[in-house]
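See below for the structure under consideration.
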Amino acid sequence: MDISDKYSLRGRVFNEIREGILSGKYKQQEELKEITLGQELGVSRTPVREALRQLELEGLVKIIPNKGAYVMGLTERDIQDIYAARSALEGLCAKWAAIYSTAGQRKELTENVELSEFYAAKGNYAQVCELDTRFHEILYQASESRIMEHMLSNFHHYVERVRRVSLATEGRAEKSNQEHRMILQAIEQKKPELAEELAHKHVLNTIKNIDHYGLKNLLKASGNVEEKKMEDINGKN
């Protein structure tokens with residue numbers, strides 16, 4: 001089974017270590033020891049080693065021969081790149097969703113937007129963030145593109161901590177909900193080009209909000225790590 005399959009042993013180990021990196025459990029430059037991770041997860045060193053190799057391919061881990069595996073995490077540049085890529089791809093995804101989405105998916109999007117508006121009015125931004133994640137997951141699925149769904153789901157998950165803080169900034173949750181509703185309406189009306197334009201603008205507005213408050217400030221507020229030089233790791237031991 002593929003290592004990204006979260007229900008397989010290898011997939012579970014991979015996802016738990018990746019989540020630990022993205023959540024800040026494992027800090028920048030921290031060494032990830034196979035024995036320690038294996039004990040934490042209740043597995044042998046083999047699935048841990050395979051997971052670390054896969055995480056290196058994703059750029060979240062750096063394996064240095066004869067030294068070990070170290071956390072790279074996400075840098076400011078990584079986050080900026082992810083949003084730049086999303087600004088282009090989300091539009092295409094929404095365009096395809098306007099063509100291929102099912103009635104069930106459109107209903108779920110409608111319920112999602114209504115719930116998000118409810119929680120935003122109550123100031124429950126943690127719940128709004130959860131619903132924001134689900135809105136985009138449904139959108140990706142509705143595109144009927146496995147490649148797009150896989151790529152964008154990873155991008156969306158990678159910047160979750162920054163998204164959570166960004167959505168909690170003044171007025172952003174409400175504006176995001178409005179943008180979601182407009183995207184939904186374009187999808188319901190079977191207007192692919194309009195859905196594409198609105199989804200593209202939605203991500204651009206998120207970028208503007210991040211730029212307004214400053215990525216460094218949002219990273220600090222989210223507990224995320226800042227960019228470090230690999231020379232610091234290479235010089236260890």
Side-chain angles (χ1 to χ4, degrees), residues 6 15-16 18-26 58 60 73-76 78-87 89-91 93-94 97 105-143 148-184 187 198-226:
K6 64 182 179 181
N15 280 289
E16 289 197 29
R18 183 172 71 164
E19 184 60 33
I21 294 172
L22 295 175
S23 69
K25 176 183 177 181
Y26 305 124
E58 293 199 2
L60 295 177
L74 292 177
T75 66
E76 291 182 47
D78 292 333
I79 293 171
Q80 291 167 345
D81 289 349
I82 286 171
Y83 274 106
R86 280 188 59 200
S87 68
L89 295 176
E90 292 262 356
C93 183
Q105 288 168 333
R106 293 191 293 274
K107 180 181 178 182
E108 192 173 356
L109 285 171
T110 300
E111 293 171 349
N112 178 283
V113 171
E114 291 173 350
L115 274 174
S116 190
E117 290 172 343
F118 172 79
Y119 284 111
K122 290 184 172 294
N124 189 338
Y125 298 116
Q127 191 61 47
V128 171
C129 186
E130 292 295 325
L131 289 164
D132 175 82
T133 296
R134 183 56 189 155
F135 178 91
H136 288 274
E137 286 176 349
I138 302 167
L139 195 65
Y140 304 155
Q141 293 163 5
S143 73
M148 186 75 77
E149 181 182 352
H150 176 72
M151 188 183 308
L152 285 172
S153 292
N154 277 336
F155 282 167
H156 204 68
H157 185 59
Y158 283 172
V159 295
E160 181 178 346
R161 301 180 77 194
V162 176
R163 287 193 302 106
R164 187 182 300 121
V165 178
S166 177
L167 281 169
T169 58
E170 185 177 359
R172 180 56 199 157
E174 291 75 13
K175 290 178 181 177
S176 179
N177 286 337
Q178 292 172 5
E179 292 160 11
H180 281 184
R181 183 170 286 281
M182 291 172 68
I183 293 169
L184 170 60
I187 291 172
L198 291 171
H200 176 64
K201 287 182 178 179
H202 173 58
V203 180
L204 290 181
N205 286 337
T206 301
I207 295 172
K208 289 178 182 177
N209 190 62
I210 291 173
D211 288 343
H212 176 73
Y213 286 95
L215 181 54
K216 278 186 179 294
N217 293 329
L218 294 179
L219 286 171
K220 290 177 182 178
S222 71
N224 218 327
V225 293
E226 296 185 16

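Hydrogens, waters and symmetry mates are skipped; everything else that's a heavy atom, side chains included, is used.
Counting only heavy atoms from C-beta outward, the side chains of I207 and D211 approach each other to under 4.5 Å. Within the 4.5 Å cutoff, the side chain of H202 has no heavy atoms near those of the M182 side chain. Here the side chains of Y158 and L60 are in contact, with some heavy-atom distance below 4.5 Å. Within the 4.5 Å cutoff, the side chain of R172 has heavy atoms near those of the T206 side chain.
Contacts of R106 classified as salt bridge (charged side-chain N to carboxylate O under 4.0 Å, His left out), with partners at least two apart in sequence or in another chain: none. In this structure, H200 has no ring pair (Phe, Tyr, Trp, His ring centres under 6.0 Å) partners at least two apart in sequence or on a different chain. Considering only residues two or more places apart in sequence or on other chains, D81 meets the salt bridge (charged side-chain N to carboxylate O under 4.0 Å, His left out) condition with R77. Partners of K208 by side chain to side chain contact (heavy atoms under 4.5 Å, CB included), not counting sequence neighbours, listed by chain and number: N205. Considering only residues two or more places apart in sequence or on other chains, E16 meets the salt bridge (charged side-chain N to carboxylate O under 4.0 Å, His left out) condition with R12. Listed by chain and residue number, S166, T169 satisfy the side-chain hydrogen bond (donor to acceptor under 3.5 Å, both in side chains) test with N209 (two or more places apart in sequence, or in another chain). In this structure M148 satisfies the side chain to side chain contact (heavy atoms under 4.5 Å, CB included) test together with L89, L92, C93, W96, S143, S145, L152, sequence neighbours excluded. Remark: E149 engages Y140, Q141, S153 in a side chain to side chain contact (heavy atoms under 4.5 Å, CB included) (not counting sequence neighbours). Judged as a side chain to side chain contact (heavy atoms under 4.5 Å, CB included), and not counting sequence neighbours, the contacts of A120 are V128, A173, E174, N177. Remark: Y119 engages no residue in a ring pair (Phe, Tyr, Trp, His ring centres under 6.0 Å) (not counting sequence neighbours).
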Do H157 and T133 pass the side-chain contact (heavy atoms from CB on, under 4.5 Å) test, and can you show the C-alpha distance, the side-chain angles, and the key distance before you say yes or no? CA-CA 8 Å; H157 185 59; T133 296; over 6 Å; no
Yes or no on side-chain contact (heavy atoms from CB on, under 4.5 Å) for L109 and V113, after CA distance, side-chain angles and deciding distance? CA-CA 6 Å; L109 285 171; V113 171; 5.6 Å; no
Derivation of the side-chain contact (heavy atoms from CB on, under 4.5 Å) call for E19 and K25: CA-CA 8 Å; E19 184 60 33; K25 176 183 177 181; over 6 Å; no
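The OG atom of S176 lies 10.5 Å from the CG atom of L131; values are rounded to the nearest 0.5 Å. Summarising the geometry, atom CZ belonging to F135 is positioned 9.0 Å from atom OG1 belonging to T110; distances are rounded to the nearest 0.5 Å. Atoms CD1 and CD, on I210 and Q80 in that order, are 9.0 Å from each other to the nearest 0.5 Å. Expressed to the nearest 0.5 Å, how far CD of E160 lies from CZ of F155 amounts to 16.0 Å.
Using a cutoff of 4.0 Å between basic side-chain nitrogens and carboxylate oxygens, K175 and E179 are not scored as salt-bridged.
Minimum heavy-atom separation, I187 to A94: CG1-O, 4.2 Å. Counting all heavy atoms, side chain and backbone alike, S87 lies closest to L204 at CB-CD2, 4.0 Å.
A ring-centre distance under 6.0 Å is found for H180 and H136.
Evaluation of the salt bridge (charged side-chain N to carboxylate O under 4.0 Å, His left out) test over residues 126-136, restricted to residues two or more places apart or in two chains, returns E108-R134, D132-R163, R134-E137. Residues in residues 111-125 take part in these salt bridge (charged side-chain N to carboxylate O under 4.0 Å, His left out) pairs, two or more places apart or across chains: E117-R181.
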